[in-house]
Structures are given as C-alpha cells and as structure tokens.
Amino acid sequence: MRHRPRGENIIRFDSVGLRYGLGPEVLRDVTFALPSGSFHFLTGPSGAGKSSLLRLMYLGLRPTRGRVVLFDRDIASTRRYELPALRRRIGVVFQEFRLLDHLTALDNVALPLRVRGVRESEIRKHVPELLSWVGLADQLGAKPSTLSGGQKQRVAIARAVIGRPDLLLADEPTGNVDDHIAMRLMYLFEELNKLGTTIVVATHNESLVSRFAHNPRLHLEHGQVTRVN
Amino acid sequence: MRHRPRGENIIRFDSVGLRYGLGPEVLRDVTFALPSGSFHFLTGPSGAGKSSLLRLMYLGLRPTRGRVVLFDRDIASTRRYELPALRRRIGVVFQEFRLLDHLTALDNVALPLRVRGVRESEIRKHVPELLSWVGLADQLGAKPSTLSGGQKQRVAIARAVIGRPDLLLADEPTGNVDDHIAMRLMYLFEELNKLGTTIVVATHNESLVSRFAHNPRLHLEHGQVTRVN
Amino acid sequence: MFGRHSDLPLAGDATSRFLPWLVALMVFLAAMAVSGAFAVNEVMSRWDHDVTGTVTVQVLPAGGERAEAATDERVRQAVDLIRAVPGVLAVKALDKARTLALLEPWLGGTDVVRDLPLPRLIDVTVDPDARIDLAEVADRLSHAVPGAALDDHRVWLSRLINLSRTMEWLAIVVVGLIGLVTSATVVYATRTGMAVHHDIIEVLHLIGAHDDYIARQFADRAFVLGLGGGLFGLAMAVPALSALGWAARRLEGGFLPSIGLPLAGYVVIGLLPLLAAGLAMLTARLTVHGALARMP
Amino acid sequence: MFGRHSDLPLAGDATSRFLPWLVALMVFLAAMAVSGAFAVNEVMSRWDHDVTGTVTVQVLPAGGERAEAATDERVRQAVDLIRAVPGVLAVKALDKARTLALLEPWLGGTDVVRDLPLPRLIDVTVDPDARIDLAEVADRLSHAVPGAALDDHRVWLSRLINLSRTMEWLAIVVVGLIGLVTSATVVYATRTGMAVHHDIIEVLHLIGAHDDYIARQFADRAFVLGLGGGLFGLAMAVPALSALGWAARRLEGGFLPSIGLPLAGYVVIGLLPLLAAGLAMLTARLTVHGALARMP
Ligand SMILES: Nc1ncnc2c1ncn2[C@@H]1O[C@H](COP(=O)(O)OP(=O)(O)OP(=O)(O)O)[C@@H](O)[C@H]1O
Ligand SMILES: Nc1ncnc2c1ncn2[C@@H]1O[C@H](COP(=O)(O)OP(=O)(O)OP(=O)(O)O)[C@@H](O)[C@H]1O
Ligand SMILES: [Mg+2]
Ligand SMILES: [Mg+2]
C-alpha cells in the first residue's frame, strides 16, 4: 500500500448526494477524485458540509445517492467484514476530538495500534515519542478531562497519525492551538504526505491555507465542491 | 449596573495562584484588574492556563491562594446564596461549548433567561432574533448533535450574550467558524462593549487579535499575566 | 411536568430508562410481599380461632385387679402432669356419668355399658395466647401415664398454628427486607442518575441558577419517573395477586376459605408507588444539593 | 479482565454502577425463591407420606327393630358411595370380629361386648397420587348415610396436603416469575449500559476495530460485572437463608423436622450467579453487535 504510485486516485466521489433524515440536501452531485499522495485543503463556510463530506470519506456515513470509491473499492458493494481493513488505512482527526474520556492520553493514542493487535512493547516505544513531538511529554498519563482544549486536539491528531495511515482526514485540526503549534502540526502532516499519505485538511483558518498555498484546495459551498488552484 | 462609570474595576485578581490537585501551579501570583467597559484579548500558548483563568473569573473554580474581587465583592467572603446573582451578570462562551444536548438551539439560548424567570413571551421574541443574527434562523429547533461545529459555537455565543451580561468571557469563540462569521461575532462583541459590557476574549487567532489591535491584550505564559499594548 | 418549565432531558438518558423500571419492579415485589404477609396473618388468625378452647385427653382403663382404682390413679397422674404445663388454664377429669353420656351415641344407652371398663376423658382448657407445644405434651403424657393420649386432631392443629406463627414472622422479616432493598435501590438509582447529569447541573449552576431551581427540577423529574414506574409496578401486581389468589382458592378447596386482602392491605399497597416516588424525589433533591455544595 | 486488554471504562459509568447491584439483587431474590420452592416441596412430600394408605369410615349402629339389618344397609350405602369416588382404590367393610378385635383394648375381651351394637368400620384405600377432596367426601357421606363419618384426622391431613400442593404450585409460579423478571432486568440493564457507551463503540468502529473485538470487550466486561454482582447476591443470600431456616426450625418446634435444602437446591442456587453473568454477557454481545450493524 505504501508503494502505491502517486497520481492514482485514492478516493473518488461520483455524483454523491447526502441528506440527513428529511432535511435539505447537504451535498448535491458532488464529483471529485483525490490522487494518491496529494494534500488538499477543504474550505467552505460554517455549515456548508465539510464535516459531512469527511464523514463520507471515513465511512462514518453512507451517501444518500451516488458512488464512493475508496482504495479502488466501491464501498456500496464491499462486504461488511472487509470494511475494518479499509478503515485502518484511514486516520481521522474529528472536529470534536472524540477522545475516550476514561483512557489516558497515551491509551487514547495507542487505540489504533491496539485494534490492529500491535505488540505492547512497540506501543510503549512509539506512542510516547509521538506525544512528545506534539508537546505533550508531560501529559502521557492525563485523562482528557484534565487537558486543555489545545492539548486534547493534539492528542486527537496523534491518534490519527500513529498508524501511518494511507489517508489522513483532519477536521479543523488547528482550531484550538496557537500558530506556533499549528505550524508544527502542519509540518507533521507534510512529513507524512512526503512518506505517501494522502491528506485532506478541512479548515477555516485562512492564514494557514495561504501559508501552505502550494497545496490545492477544494471549496465546498451550496452543496457543491469546486477546485480552487 | 448598566450605568457603572467606565474605568472602575469590574474584576481584580490579587496574587492569585492556582493548581489542580497535586499538579504544578498553573497560575502563579497573577495580579491584574480589568476596568469596567474594557475589551481585552487573552492570549498565550496552548496549555498556558487561559481557560483556567477564565474559570476563576466566572466562579467555576476557587483560586488555591490569592484574592478575586468581582463586581467589588471579595468572592472568598461572599455568601453562597449571593453568588447566583453575580453569576447572572456574567456571560460565558465555554471552549467546549457545553450546550445541553437534549435541548434545541432555541432552548439552549433561552436558558439564562429562564433561570432568571423572564417571561416566555419575551423569550419567544428575543431568542430567535439573536439566533438569526448569528446565522442560525433555520436551526432554531435543531438539537446540538445535528449542528455543525461552527453552528454549535454560535449557539454557545448566543447563550452567553442573550442576558446582556456586565462581563462577557469568551474562550476561543471563533475556533470553529470562518473569517466572515468571526468578524460578525467580533462586531457583536464590540457592540455589546459599547453598551457597557466588559469583555475578555481568549484566543489563539493572531489575525483576529491584530485586526482588533486597538483592544488591549493580556498575555499568559509560565503562569504569569503580562500586558501587551 | 406539573406545568412547570424543565431544562432536563425528557427521555433517553440512563435515569429515565432505569428509574421507572426499577421502581416498578420494587413496587411489584413489595406489593407481593405485603399481601403475602397479610394473607399469612389472615390464615393464622383463622386457625388460631379453631384451636382455642379445649383439648381432650383420653385415659384407657387399666386391666387386672383393682382396675377401677388403677384407672383413677392414671387419671390423677395425667391431670397433674397437664396442670403443670404453662398456658393451661383448667384441667377437669370427666366423671363416669359424663363419659357414658358422651359414649351413648356409640354404644347405646344399655345398662350393660355402665359396667364396662370405659376410657376416661379429661377436658383441658388452654390459654389461646400461650404457645403450648401440644405435640411435646402428648409425648410426655404417653410416656409418663400408660394408656393416656392427647386428642390427635388438636395436636395437629397446634402444630399448624406454630407453623403459621413462624410463617407470619418470616413474612414480616421478608417484607422488611424487601422494603429496605426497595428503598436502597430507589436511592441508588436516583443517585446514579444524577451522576450522569453532573454536566447539566454544572452548566445551570454557572449560568446563575439557584440551587433550589436546579434541585426542584430534578426532584420533580424523579418524582414523576418514580410514580410512573410505581404505578406500572402496581398495575402489574394487581392482576398477578388476583391470579395467585384465585389459583390458591381453586386449588386448596376450602381450607383457606378466603385469603382476600383486608382494607389495610389495599391501603398499604396503594401507597407503595407514592412512597417510592417520594423517596426518589427526596433522594434526587438531596443528591443535587450535595453535588451543588461541592461546586464553588 | 482475563488478562486481556480492554478499551472500556473500568468504573464510574452507569453500567458498572448499576449492573452488579441489579444482578446481586436478582440473584438474592432468585436464591430465596428457589430455596423457598425446595422447602415447600420438602414439606409437602413429608405430609404426603403421612397421608398415604387408608382412610377409615365409621358407621354408627342403627337403633330400633332390625337394628343389625339397618346397620348393614348403612354400611352397604357408605361402601357404594365411597367406591364411586374417583381415586379410591379399594373399599372393605370390616366384619364384626375384626371390629371387636380393634375395640378390645378399649372395652376388654368380655363376651358382653359381643352383643353390643358396635359401630362398624370401613377401610378405604386411597390412591396416593389422586387429589381426593376428603372434606367434600366426608360431607356427602354424612348427609347420605345417617351415622357415617370419615376419620377426622385424615380429613385434616388431606386438607393440609391440598394446601401444600397449592403452595408448591404457587412457589413454582413465583420462582418462574422471579426468573423471568431477573432475566429481563439483567438484559435491560446491560442494554441500557451499552446505550451509554454508544460513543465508545462508534469510535472503536471508525478506527477499524472488528465487530468481534468490540463486542468481546463489552461481553467480557458484562460477564465480570454480572458475576461480581451475582456472587455478592449469593453471599448475601446464604446467611439470609440460614437465618430464616434456623428461625423456622426454632419456632415451629419439630413440625418441619428439617427444611434443609437438598443437594439439587444448592446446585441450582450456586449456578445462579453464573447464569446471570452469562445472560449479561450474551446480552452485551448481542446489543453491541446490534448497535454495530446499524453503523455503516
Ligand atoms: N447528524 C445530523 N443530523 C441532521 N443534520 C445534520 C447532522 N450533522 C450535520 N447536519 C447539518 O448538515 C449541515 C452541514 O453540517 P457539517 O457539520 O457538515 O458542516 P461543516 O461544513 O462541517 O460546518 P462547520 O465548519 O461549522 O464545522 C449543517 O446544516 C448541519 O446542521
Ligand atoms: N481539571 C483539570 N485537572 C488537572 N489539570 C488541569 C485541569 N484543567 C486544566 N488542567 C491543566 O492546566 C493547564 C492549563 O489548562 P488550560 O485549559 O487553562 O489551558 P489553556 O490556556 O486554556 O490552553 P488551550 O489554549 O489549549 O485551551 C494544562 O496543562 C492542563 O493540563
Ligand atoms: Mg464541521
Ligand atoms: Mg483553553
């Protein structure tokens, strides 16, 4: 997987539509493809459907209509027992973090590894290292409820990247951290991207987008995705 | 209260120290005063203690040592039954929003009015108006779980300002909204400020701070508050 | 909820799911236990009634020489022994004439009978409130006095009485136990429910709500949930009790002519849901006040 | 937890607070009910034993002319009537010689007696498995045949037997009921607990955990919580049962010589915590799989 040639599409949306219950259509006829190894920003006004789009990408939701192709597999026709393997290739930073409150920062970050059955010795080695890198060396044993907003966000990011995913989806990953840490996290993402991870970052932070303007940008508005750049 | 002469201190910290349990001191000898009617930004790196400082200000926490004087009342010597009256003069935007999940956006925003025993007819008039103003006219009846991140944040802000508080404390109020809405919210705060509300906004958003650079800034780092500007 | 405004979740949280069911279960069990205790008490007082009065002792005539005198001696011994039993009010040996009169329907009134060595009867009056173990007295009697025997039927009744006294005692203990467990469960369920709502309590507190405003809402809620659950439990208990009572009447064929609940029983059972709801309300109130007291 | 890794909260959430207590309560009640049913069964079989065999009917001698013939007629009627009762195996009127032999210890062996108009006795052999309402038979008999009477003691015993049969039946119904309620409560508590953990389940699911990985953890957890609660309930039930048994023995003074539980009772009660824990485990597993099936 790591050696997937750049340029092949890692994800493709074909006229995807989405509505919640009987509400209005949040996404309408969304069609786009992300080449493997690319780095995209996803922008758009609040409530436009960025989080919903990401939810479709990490298989947290099924589209109301249209086709989602992930890792060359049509999701609609993929068997249920094959989905976990696909999900393990995706790292997600949720907008609300979704840390497990009863686990320490370390255990939260270790979760994707544990789910895969990685050995404890490996976990003890890699997880503290990554947490140090995001500036939480002192908080390994802290529960989320005793962490500051920005600290929680960094734990969430660490959990998303610890498994070296093929696809990283980050929803507003810098909303609660200062610019210095935001830059540090973006560099972490770029590093992962260089190693082959395809990355989508949904953000409102215009200054961040402009500072990394070399990356293409998907703009979501009125249920439609348009490419900027 | 509304006619408190500007310049008098609405809140004063005297060598306030704070630690959680047996952990390190988060705040050390913090001394400052906010004049009534002022508008301050509170900045500082993630984990510096901004939210903790605000928590002391909205009486969500007692300092480990030192003195907090709010509305000319020494909090340590204020009777318990007098505190709700003080709390009603403060509006808070929590960093994690803390909306009540089982209530609609409208009921969440109405909460401070209900607590004060304001009549239902008043509530039915003012709350939808404010929610429209922050761009949520369509979501009056939506539960927080069906709102986007930025929509939740706006509900939280509406709940903080609906009671026309004397003191407004906002913790990262624009972390999940786009620049356009962020500006709109800042104008709302300035409007309130002009009407006499003292405002403290804790934020990481440097571009926001620089755009409203006419407001003074408190910087929190290493447990110490310093004035910038 | 009583027409008052509420800031609380109306359904779907752990309290509103758990509390009513638990209260329903507890009220159901308590109703069963209470009516069981009343039924046992009822049966017992009936049996008690049956056994009050007198017990008869028969002394067989001795044989051989001086038979009459020997029989008299046996009667004297039996009377002495029984007189010494605590709880016996009076002991009276019947004379021959009375014995004959009693035997007349059996043997006819012929003169021949008068010369027969007839068994003698002793009437024993027993204090109905004393718990005499007649079985034990019968045992002693038959050992000490040859040919003396206590009326079998009464011995059985006495045993029954003792059994039913035991059952009544056990029923009271069980009712007490179930009452305790019920209360503990309601208290526990309410407290746990409140723990889940800690965040709501804190937000209301920080917004400037008075402790009473918050506590009242939770207390109202717990009352409604508890009452709903309690009424449901009662609604389940009524047909269950009727069915059991009906089955009992059908099966035992007249032994317990009617184990219908007395009025007091209906009142106690009818009050159970209110008691449970009141307990839930009080607990909620105290728990919320306790949680608030720990907030600055 | 069995040495396996767990991603679940270990304490403090609603499930881990509620489930063990509920299971403990349920196991306690079930243990009470089961041993109650066994005790009733025990008592009943004892009484049953006492009543098997024969019942005696006495027919008083008729007076007047042709007394002997009239008495014979009465006996014939009584025999006919009793023979028609379902469940009666054999009816045998005793002849005068046998009656006299029975009366000898009372009246002595004198020849005078031979000429007396003595009561006649009828031996009735009753099917021990048939539920004959002897009280009703006695009633009919005394109405239909003048001077005929069923042995009183046996009538009482028959009533007792019927009562104890009723009680056994009720005990089985109550045990069944408590078993049902127990299971329902365990299932309900487990399901509600899972609802609280919906978010944890979803995060694990989105991270790529297999359904079995998630369900197994919750099932293990529910098993441990259920077993802990069940063992606690058992630990409470054992002294309670001993105390009740001891009190019963002390108070009823020999009527129920020993209501000790048979081995089967101990086995059933000992299995209760395991059953409850197994039920909790299964429910957790199915609930989590159900929740996961609703996720894409
Ligand atoms: N579970 C849900 N049920 C119903 N409606 C929902 C649900 N989730 C989101 N929505 C609605 O869908 C729309 C898009 O929401 P989404 O969270 O995708 O927006 P977003 O672009 O991420 O916004 P933000 O930048 O504020 O996070 C919003 O109007 C929201 O109210
Ligand atoms: N309840 C708590 N118990 C223990 N430690 C806490 C608690 N809340 C906060 N802390 C610690 O206090 C420090 C300051 O936290 P605080 O939330 O005030 O930071 P902050 O400046 O708001 O950070 P951010 O910008 O990331 O929100 C952090 O190191 C945090 O781990
Ligand atoms: Mg979003
Ligand atoms: Mg903070």
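A, B, ... follow the sequence lines: proteins, then strands. Residue 1 opens every chain. Predicted model only: the values in this text are computed from it and were never measured.
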Return the minimal non-hydrogen interatomic distance between B:Y81 and C:H210, and the atom names on each side. O-CE1, 3.9 Å

Which atom names give the shortest non-hydrogen contact between B:P84 and C:G208, and what distance separates them? CB-O, 3.4 Å

How many angstroms lie between CD1 in C:I207 and CZ in B:R116, if you round to the nearest 0.5 Å? 9.0 Å

Determine whether B:R159 and C:V203 make a side-chain contact, defined as any pair of heavy atoms from C-beta on separated by less than 4.5 Å. yes

Please classify the contact between B:F94 and chain C as side chain, backbone, both or neither, with a heavy-atom cut-off of under 4.5 Å. side chain

Heavy-atom pair of closest approach, residues B:L83 and C:P296: CD1-C, 4.4 Å

Roughly how far, to the nearest 0.5 Å, is the CG atom of C:L206 from the CZ atom of B:R88? 13.0 Å

Considering all heavy atoms of both residues, which atom of B:H102 and which atom of C:I200 are nearest to each other, and what is their separation? CE1-CD1, 3.3 Å

Rounding to 0.5 Å, atoms CG (B:L100) and CG (C:L204) come to a distance of 6.0 Å

